[in-house]
Structures are given as C-alpha cells and as structure tokens.
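Worksheet for the structure shown next.
Every chain is numbered from 1 and lettered A, B, ... according to where its sequence line falls, protein lines coming before strand lines.
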Protein chains: 2
Amino acid sequence: MVRPGGRSARVQAAVHAAVRELEAEVGREALTVPLVATRAGVTPSTIYRRWGDLQELLSDVAVERLRPETAPQDKGSLRSDLEAWAEQFLEEMSAPTGRAYLRDALLGDPDGSNAGQCSAYAAEQIDVILDRAAGREETTPDVETVLDRLVAPMMYRILFRPEGLGTAYARQLVAGLVGTIDR
Amino acid sequence: MVRPGGRSARVQAAVHAAVRELEAEVGREALTVPLVATRAGVTPSTIYRRWGDLQELLSDVAVERLRPETAPQDKGSLRSDLEAWAEQFLEEMSAPTGRAYLRDALLGDPDGSNAGQCSAYAAEQIDVILDRAAGREETTPDVETVLDRLVAPMMYRILFRPEGLGTAYARQLVAGLVGTIDR
DNA sequence: AGCTTAAAGCAAATATGTTGCTTCAAGCGC
DNA sequence: GCGCTTGAAGCAACATATTTGCTTTAAGCT
C-alpha cells in the first residue's frame with residue numbers, strides 16, 4: 001500500500017523532483033539511479049525497490065510531463081479546433097524533448113499502463129473538442145475515429161519516421177477526417 | 001569501418017545468434033551483456049564497444065526479426081490483399097513476442113534508424129500489394145495513405161492500447177480505406 | 001610478404017544493482 | 001494521546017555489470 005500522506009509521499013516527490021532537475025542539468029543520458037538517489041537525499045535501494053530500475057522511474061516522470069496542462073482552445077468550429085489541437089500536439093511531441101518523453105513513457109512500462117495513460121490524455125482532449133462541436137450542432141465523428149485518423153498517424157510518424165513533420169501534415173489529416181464525417 | 005568479410009562479421013553473427021538462443025532459453029528478462037558474451041565466445045568489452053549497451057544490441061536483433069520473410073499473399077483483389085496482410089501484421093505484432101520485439105526495436109535506437117527500418121519494411125510490403133493492384137487496373141491509394149489509414153492505427157493501438165485487438169479491427173480499417181479511394 | 005589499422009582480448013578499476021537485516025514513522029485500536 | 005503493527009526507508013556487505021588503458025590479432029592494401 002502506498003501511504004499517500006507521509007514519508008513515502010515525500011520520498012516520491014523528492015525523487016521525481018530530482019529526476020527533473022538532473023535531466024535539466026546533466027541531460028537524460030547521464031542520469032543514473034545513484035545520482036538521482038543522492039540528489040533526492042535517499043538511498044539507491046529505495047529507488048530500486050520502489051521502481052525497479054531507472055527506466056520505470058523515467059517512465060513515471062515522463063507520463064506526468066505528457067499530461068496536458070490546459071483544455072484545448074476554442075476556435076469556433078470543429079475543424080479549426082482539431083487543427084489547432086493537432087498542430088500543437090504534433091509540435092510538442094515531435095520535438096526532441098517530446099519524443100524523448102514519449103519513448104521513456106512507452107519504454108519503461110512493463111504492463112502498458114503508462115502508455116494507456118498517454119492515450120487516455122489524448123482521448124480526453126478530443127472528447128472536449130467533440131462535445132463542444134456537438135453543442136454547436138455540428139456533425140461529429142466519434143473519439144475512436146479521431147484516434148485512428150488523427151492521433152495514430154501523428155504518433156506513428158513521430159515514432160517511426162520523424163523527418164519532415166510539420167503543421168501541414170496535421171492540417172492534411174484533419175481535412176481528410178472532417179471531409180468524410182457523414183458516411 | 002565495419003569489415004564485412006572477416007572476424008568482425010563472425011563476431012557479429014555469433015553475438016546475434018547468442019541473443020536469439022538465450023532469449024529462447026532463459027527469457028528476455030534474464031539477458032545480460034556478460035551472459036551473451038560468454039555464449040558467443042566473446043569478451044563483454046567487445047559488445048560494449050560495438051553496441052554500447054544491451055538495449056542497442058537487442059534493438060538490432062529485434063529489427064532483424066521484424067523483417068518480413070515472405071511477400072504478401074495474392075488474394076486476387078486490392079481489398080482482400082490488404083485485409084490478408086493487415087490481419088497477419090496485426091496478429092504478429094500484437095502478440096506478446098511481437099510487441100516485445102517492437103518495443104526493443106524502438107527502445108535501443110537513439111538515432112531512429114531501426115524504427116525507420118520497421119516502417120520501411122511495412123512500406124515495401126504495401127508497395128508490392130499496390131503494384132499488383134495497379135497491374136489489375138484497380139484504382140489504388142498511394143503508400144503514404146495506406147500508412148496513415150492502416151498501418152498507423154494498428155501500430156498506435158498495439159503500442160498504446162493493446163486490449164481487444166482482433167482481425168475485425170484490421171478489416172474495418174481496410175474497409176474505411178478502400179471505401180474512400182476515389183475522392 | 002609486409003604494413004597499417006580497425007576491432008578484439010585481457011585485466012584492473014569503477015560503478016551499478018541486490019539483499020538481509022535494522023530502524024523509522026504512518027495509521028489504527030484503544 | 002499511547003503504544004502496536006506494518007509497510008517502507010536506511011544501511012552495509014555483496015554480487016554483477018560497465019568502463020578503460022593497453023596488448024594482440026587479423027583483414028585489407030600495396
């Protein structure tokens with residue numbers, strides 16, 4: 001049982017904070033468990049016992065950073081909302097730091113729950129956009145369709161073929177999606 | 001420079017073979033560089049110097065295993081060729097071993113070249129299918145479209161939401177794709 | 001055949017990961 | 001509030017893995 005209020009929670013916070021600080025100071029490549037432990041004022045065995053290894057720890061921290069901080073902007077129509085969201089998503093995720101977090105989140109994740117969380121964040125954001133569109137009496141696709149047609153292609157290219165990704169690609173996907181809603 | 005014909009090549013082959021054997025014998029979790037080195041009859045430092053770490057070595061081996069072994073089946077039409085290929089792809093890649101190779105390939109891949117190779121394999125297979133369809137005078141989408149509409153959604157779900165993936169999903173994607181070719 | 005050089009071997013030094021046992025303090029019953 | 005109970009943290013000794021400087025091997029050239 002993780003005791004939320006006490007020492008465990010403080011250790012957790014200290015370790016996460018140490019990871020972020022050291023990532024910024026020495027770079028992700030140079031991170032090691034003993035280094036993080038020292039910075040967090042904790043013994044290495046604590047980290048090994050709680051997280052297993054560096055990858056799982058980095059995965060936890062990465063997922064936190066991938067959580068969207070704000071609701072998607074309201075641009076007045078489904079199409080423009082999706083475009084704005086997709087452009088921002090693509091820009092953040094295809095940048096070197098975004099890709100690094102994404103990889104970390106996927107990698108150190110034996111049971112897939114962190115990956116699932118990433119997808120859930122995207123689904124939530126899309127849900128907000130679709131609800132808003134439905135409120136405007138627009139015809140909307142369902143969330144799964146948007147995942148397939150918009151999120152999945154962006155992710156695929158970020159992970160497998162990162163060259164030459166830009167906002168034009170995001171717009172093209174949105175165009176293809178909203179152009180085929182009613183069938 | 002990698003000298004292709006001589007000792008380096010033998011070492012490379014021995015190490016790759018050792019990884020495969022040990023993966024089968026003791027499981028992926030139990031692999032370590034010293035273990036692989038011993039089996040391959042090589043010193044650990046050779047592996048560290050050539051591959052950097054275990055992840056990069058596993059990434060190399062994983063990409064080899066993800067290379068398609070046969071050309072896609074010819075089922076007589078674009079739609080059925082795509083369905084057959086997508087079903088097989090999804091089955092292989094969403095199985096635990098397939099997911100493990102995929103993760104390994106992505107993981108130990110600092111410069112993205114192994115991930116790019118995976119995508120290139122898929123693109124080659126699709127190219128064969130599309131060429132064949134063009135030879136039958138069928139209207140065909142281009143490769144990029146098939147990557148976006150078929151490969152990307154499958155990969156996204158394999159990596160981020162592996163639950164409940166089946167051949168029905170592959171068929172649904174193909175249906176959506178071939179239903180919208182001519183616009 | 002002899003030279004040049006990238007890569008492999010070896011071994012010592014260092015760093016990382018593991019484990020059993022001890023100590024600490026949060027949460028709970030009184 | 002006081003003192004149990006228990007899960008988590010600390011410590012330290014140990015086992016493994018990783019790095020590194022130097023030596024040796026053998027592929028590819030002329």
Side-chain angles (χ1 to χ4, degrees), chain A residues 1-23 25-62 64 103-104 107-111 113, chain B residues 1-23 25-62 64 103-104 107-111 113:
Chain A
M1 155 195 175
V2 177
R3 299 174 174 186
R7 183 163 65 157
S8 296
R10 281 198 305 278
V11 166
Q12 217 256 23
V15 169
H16 276 221
V19 168
R20 285 153 188 259
E21 289 168 25
L22 289 169
E23 241 173 19
E25 286 171 33
V26 305
R28 193 193 160 291
E29 288 308 300
L31 289 186
T32 66
V33 171
L35 188 67
V36 172
T38 304
R39 172 64 65 103
V42 143
T43 59
S45 63
T46 294
I47 295 182
Y48 289 120
R49 286 209 241 250
R50 264 190 59 171
W51 282 276
D53 61 15
L54 184 63
Q55 282 185 2
E56 287 184 50
L57 171 57
L58 290 180
S59 181
D60 272 10
V61 175
E64 273 180 16
R103 284 169 44 108
D104 284 343
L107 278 167
D109 186 24
D111 64 350
S113 57
Chain B
M1 154 195 176
V2 177
R3 298 175 174 187
R7 183 162 68 158
S8 297
R10 281 198 304 279
V11 166
Q12 216 255 23
V15 169
H16 277 221
V19 169
R20 285 153 188 257
E21 289 167 25
L22 289 168
E23 240 174 17
E25 286 170 34
V26 305
R28 193 192 160 293
E29 288 309 300
L31 289 186
T32 66
V33 171
L35 188 67
V36 172
T38 303
R39 171 65 64 104
V42 143
T43 59
S45 63
T46 294
I47 294 182
Y48 288 119
R49 286 208 240 248
R50 266 197 48 178
W51 282 277
D53 62 16
L54 184 63
Q55 282 183 1
E56 287 184 50
L57 171 56
L58 291 180
S59 180
D60 273 8
V61 174
E64 272 181 18
R103 282 169 47 109
D104 283 342
L107 239 130
D109 187 24
D111 64 351
S113 57

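- Between A:Thr43 and D:dA9 there is no side-chain N or O to OP1 or OP2 distance below 4.0 Å.
- If you measure from atom OH of A:Tyr48 to atom C1' of C:dG20, you get 18 Å, rounded to the nearest angstrom.
- Residue A:Thr46 places at least one side-chain N or O closer than 4.0 Å to OP1 or OP2 of D:dG10.
- The side chain of B:Arg10 contributes no N or O atom lying less than 4.0 Å from OP1 or OP2 of C:dA7.
- Spacing between atom CD of B:Gln12 and atom C1' of C:dA8 amounts to 14 Å, rounded to whole angstrom units.
- Side-chain proximity of A:Arg50 to the nucleotides C:dT16, D:dA8, D:dA17 is greatest for D:dA8.
- Looking at heavy-atom distances under 4.0 Å, A:Ser45 makes contact with a base.
- Atom CG in B:Leu54 sits roughly 14 Å away from atom C1' in D:dT16 (whole-Å rounding).
- Looking only at side-chain heavy atoms (C-beta outward), B:Asp109 and B:Glu56 stay at 4.5 Å or farther from each other.
- Taking 4.0 Å as the cut-off between side-chain N and carboxylate O, A:Arg39 and A:Glu25 count as a salt-bridged pair.
- Here the nucleotide nearest the side chain of B:Val11, chosen from C:dG17, C:dA8, D:dA17, is C:dA8.
- Every pair passing side-chain hydrogen bond (donor to acceptor under 3.5 Å, both in side chains) that includes a residue from residues 27-36 of chain B is listed here, sequence neighbours excluded: B:Arg28-B:Asp104.
- A heavy-atom distance below 4.5 Å is found between the side chains of B:Thr43 and B:Thr46.
- Between A:Ile47 atom CD1 and D:dC11 atom P the separation is 14 Å, expressed in whole Å.
- In terms of position along DNA chain D, the nucleotide closest to B:Asp53 lies nearer the 5' end than the nucleotide closest to the other residue of the pair B:Arg49 and B:Asp53.
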